[in-house]
Asker: 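The structure is given below, and queries will be raised subsequently.
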Amino acid sequence: MDNRSRLQELLPKIVLAPSLIVVLIFVYGFIAYTGFLSMTDSKMLPSYGFVGLSNYSKLWALPHWWRAISNLAIFASLYIVISSVLGLGLAILLDQKIRAEGLLRPIYLYPMALSFIVTGTAWKWFLDPGIGLENTMHLWGWDSFSFTWIKDRNYAIYCVVIAAVWQSSGFVMAMFLAGLRGVDNEIIKAAQIDGASTVTVYRRIIIPMMRPVFLSAFVVLAHLAIKAYDLVVALTGGGPGQATELPATFMYSYTFTRNQMGIGASSAIIMLAMIFSIIIPYLYSELRGEKRP
Amino acid sequence: MSFLRIEHLRKSYGSLEILKDISLEIEEGGFLVLVGPSGCGKSTLLNSIAGLEPITSGDILINDKSVVGLHPSKRDIAMVFQSYALYPNMTVGGNIAFGMEIRGVPKEEREASIQRVADMLQIGHLLDRKPSQLSGGQRQRVAMGRALVRDPQVFLFDEPLSNLDAKLRIDMRTEIKRLHARMGTTIVYVTHDQVEAMTLATRIAVLKDGILQQFGSPSEIYNNPENVFVADFMGSPAMNLLTARVEADGSALRVSLARDGGEPLRLSIPNAPSGLSNYAGKEVLFGIRPEALTDMDGADRNAGSIGEGDCLIEVVEPAGSDTFAVTRLGGKEVVARLRADADIRAGETSRLAFNLDKVVYFDPKTEQRIR
Ligand SMILES: Nc1ncnc2c1ncn2[C@@H]1O[C@H](COP(=O)(O)OP(=O)(O)OP(=O)(O)O)[C@@H](O)[C@H]1O
Ligand SMILES: [Mg+2]
């Protein structure tokens, strides 16, 4: 082999090496480091006294953590279900060959371009009884109108759901719209000849064909829900009280403000495990799917 | 009496007119093939018959009743699509039964119909599979089954065989022909394959750019093309169309075909079409199919008039059953179809027989047939 072809073979490796090293250190290295910290007696700063799994048992004994987990269950299930249903509904409406589609699609898609911080801040103002919706209604003369969910311990988590759904359903709509556009026109014609109404065509044929899109939407939304941090910080700051605490905000406060780095690290590892438990079956089914004819 | 009749059908998308005044009819039990190049409007015409596309003007009658404005499911038709259009999430049985399910046919009856069609098409062992688990040929059969089970007044086929490999295509072609003979249902069949058109049809409609070029039986279309487009489109290898000069030869006519580096070839035409005399001294297009241009021994003994001429053979292509020879006449390449064992060699001059009964003449400007 001459030098030139040896270089050609090496070049991709040389180009990829720095990014590979960076990823190895800053992603996988720090995951491993966090895993290690979760088994130490770290408090305000990392320290290396090995304590086994005792941080995990402490974590699961904390009512605060259980609050975060049950909030996540409420938030994630509502967020995923409502975003999917709303996204699919919008996509079906847009798929009816309406004229204004070119205008409507970006309008729905636009919230996705905002960061969760912006969404959170905007909705914080909008939902604030003193300046937002309630105040506006009062100014318009509807004095009995009351909407104070964001200040209510029992309802604040639903405000997080509303803001998150507003942000994501346009994106889910785009995913479904792409899926709907991929449906062979002749299948719809065949169903028309078979006498199926539009509703039946969607219910029996097209929506079942969207299964892979549902799966992708679920994975995207589920991992967004588990990671949710910035939205809560901007919208409610985890409050009132701990009413909107989620695992990510829990992790941050234990690690960096409450001087319980060991417990914070163990909560981070639990979140990682949750995400893996969603992603790995998904990747598995995707990769297996590719082998099918 | 015609069973399916299309009268002055026009169809536009916006300002773009796709179908221009199409009138067709087919008798009950007939097999109408719509043929033409890609984009000529065959599928649009078929979709109009099915009611999947609204028409701009004109009328479509099935069994003497206008179906314009009727929903596709109310027209008593069934359609097989080019992409098969099977419902991917349903089993084969579910696909076949879907229409009946919508119409509320009871389950036992549905099962019986599925079984009947599955037996007819030999797909009984596939009924529980999903379409993704079938081969192309099997999908094709399922799509046919879904149409057959409706037992409609008219079957519509939109290029049903174009996604199959060559061998399977020929098998399925025979099978469709057999099914048609057995069931006797009227069929409208779209294809751009002229061999399929010739073998299946009782009537052929040739379309180009949304205009009906010719409508007739396969032999009319093949032997008496109305214009250059039809002559060129139907038949494989295509008809030879050469420029020829018409000359008066006393009271008779003859044509002269330019030959490379020599005297033009003159053929006198005893039974010329009467219109040809107007072209004396002018050029016409002289159309002769390869099988009408043979070696002397292979000439049709029943032909009324045979012309002869020596031609320089440029290429010889043995094709097993026949040998094709390419020569040059009237400035164009001309294909002759000879017997398989004809004594012919490239680069040598051979005497060829022209079956003048089969020759057709066209006006070079209007491209219309000279009668
Ligand atoms: N929805 C539509 N809007 C505008 N033009 C259309 C539409 N559908 C078809 N056309 C045009 O109508 C013409 C005929 O289309 P059609 O599908 O009938 O062709 P075809 O003869 O079936 O061709 P092929 O052999 O490729 O299937 C084409 O020029 C096509 O671009
Ligand atoms: Mg077509």
Side-chain angles (χ1 to χ4, degrees), chain A residues 84-85 87-89 91-92 95-102 175-218 282 284-293, chain B residues 43-44 46-53 70-91 94-105 129-136 138-139 142-147 149-150 152 154-156 158-160 163:
Chain A
S84 303
V85 170
L88 177 63
I92 289 177
D95 196 36
Q96 304 307 306
K97 301 198 172 72
I98 51 174
R99 255 169 224 278
E101 189 201 321
M175 286 174 78
F176 277 112
L177 197 58
L180 292 176
R181 290 290 144 84
V183 173
D184 181 359
N185 228 331
E186 292 192 339
I187 290 184
I188 300 170
K189 288 182 179 171
Q192 277 178 6
I193 291 179
D194 270 339
S197 65
T198 309
V199 175
T200 312
V201 173
Y202 275 103
R203 193 172 55 83
R204 293 287 308 276
I205 297 165
I206 298 183
I207 293 178
M209 284 172 79
M210 295 296 111
R211 230 181 75 118
V213 186
F214 275 108
L215 198 63
S216 310
F218 173 78
Y282 174 69
Y284 180 74
S285 78
E286 283 284 285
L287 295 179
R288 199 190 46 165
E290 266 169 33
K291 276 188 216 126
R292 271 206 310 257
Chain B
S43 300
T44 307
L46 205 66
N47 286 340
S48 304
I49 299 173
L52 297 166
E53 299 276 0
L70 232 49
H71 188 269
S73 62
K74 301 277 190 295
R75 296 189 176 198
D76 207 1
I77 47 127
M79 189 152 169
V80 177
F81 294 90
Q82 180 171 6
S83 66
Y84 314 137
L86 300 178
Y87 311 130
N89 54 304
M90 297 182 200
T91 61
N95 264 280
I96 295 175
F98 185 66
M100 288 186 281
E101 206 183 318
I102 298 285
R103 275 173 282 142
V105 174
R129 294 210 202 158
K130 290 277 176 68
S132 59
Q133 299 163 319
L134 301 179
S135 72
Q138 290 168 333
R139 283 179 212 188
V142 176
M144 300 239 300
R146 190 172 61 183
V149 81
R150 289 182 67 94
V154 180
F155 279 115
L156 307 174
D158 192 353
E159 306 201 23
N163 287 336

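Here the structure is a predicted model, which is why all the values come from computation and not from measurement. Order of the sequence lines sets the chain letters (A, B, ...), proteins ahead of strands, with each chain counted from 1.
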Asker: With heavy-atom distances below 4.5 Å as the criterion, would you say the side chains of B/Ser83 and A/Asn185 are in contact?
Answerer: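 In short, these two side chains do not touch, never coming nearer than 4.5 Å.
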Asker: To the closest 0.5 Å, what do you measure between CD1 (A/Ile193) and NZ (B/Lys74)?
Answerer: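 Atom-to-atom, A/Ile193:CD1 and B/Lys74:NZ are 13.0 Å apart.
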Asker: Could you give the distance from CG (B/Leu46) to NZ (A/Lys189), rounded to the nearest 0.5 Å?
Answerer: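 Between B/Leu46 CG and A/Lys189 NZ, I get 9.5 Å after rounding to 0.5 Å.
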Asker: Search all heavy atoms of A/Asp194 against all heavy atoms of B/Tyr87 and return the closest pair with its distance.
Answerer: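 In this case the closest contact between A/Asp194 and B/Tyr87 is OD2-OH, 2.7 Å.
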Asker: How close do A/Ala190 and B/Arg146 get, counting heavy atoms only, and between which atoms?
Answerer: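 Answer, listing the atom of A/Ala190 first, then B/Arg146: CB-NH2, 3.4 Å.
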Asker: For B/Met100, is it the side chain, the backbone, both or neither that has a heavy atom under 4.5 Å from a heavy atom of chain A?
Answerer: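 Nothing of B/Met100, per the 4.5 Å heavy-atom cut-off to chain A.
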Asker: Counting only heavy atoms closer than 4.5 Å, note whether B/Leu86 contacts chain A via side chain, backbone, both or neither.
Answerer: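 For B/Leu86, the contact with chain A is made by the backbone alone.
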Asker: Could you pull out the closest heavy-atom pair between B/Tyr84 and A/Glu186, with the gap in Å?
Answerer: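 Heavy atoms of B/Tyr84 and A/Glu186 come nearest at N-OE1, 4.4 Å.
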Asker: Do other residues, nucleotides or ligands put more than 12 heavy atoms under 6.0 Å from B/Arg103 CZ?
Answerer: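 Count over threshold, so yes.
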Asker: Output yes when a side-chain donor or acceptor of B/Asn89 lies under 3.5 Å from a complementary backbone atom of A/Arg204, and no otherwise.
Answerer: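 Flag set: sc B/Asn89 to bb A/Arg204 pair under 3.5 Å.
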Asker: Please look at B/Gln82 and chain A and tell me whether the side chain, the backbone, both or neither of the residue comes under 4.5 angstrom of a heavy atom of that chain.
Answerer: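 Contact with chain A is through both the backbone and side chain of B/Gln82.
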Asker: Are side-chain heavy atoms of A/Ile205 and B/Phe98 found at a separation under 4.5 Å?
Answerer: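 Touching, per the 4.5 Å side-chain cut-off.
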Asker: With chain A as the partner, which of B/Ala143, B/Pro72, B/Ser73, B/Pro152 has the greatest number of non-hydrogen pairs under 4.5 Å?
Answerer: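 The candidate making the most pairs under 4.5 Å is B/Ser73.
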Asker: What part of B/Arg150 is in contact with chain A, defined as an atom under 4.5 angstrom from a non-hydrogen atom: side chain, backbone, both or neither?
Answerer: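 Interface part for B/Arg150: side chain.
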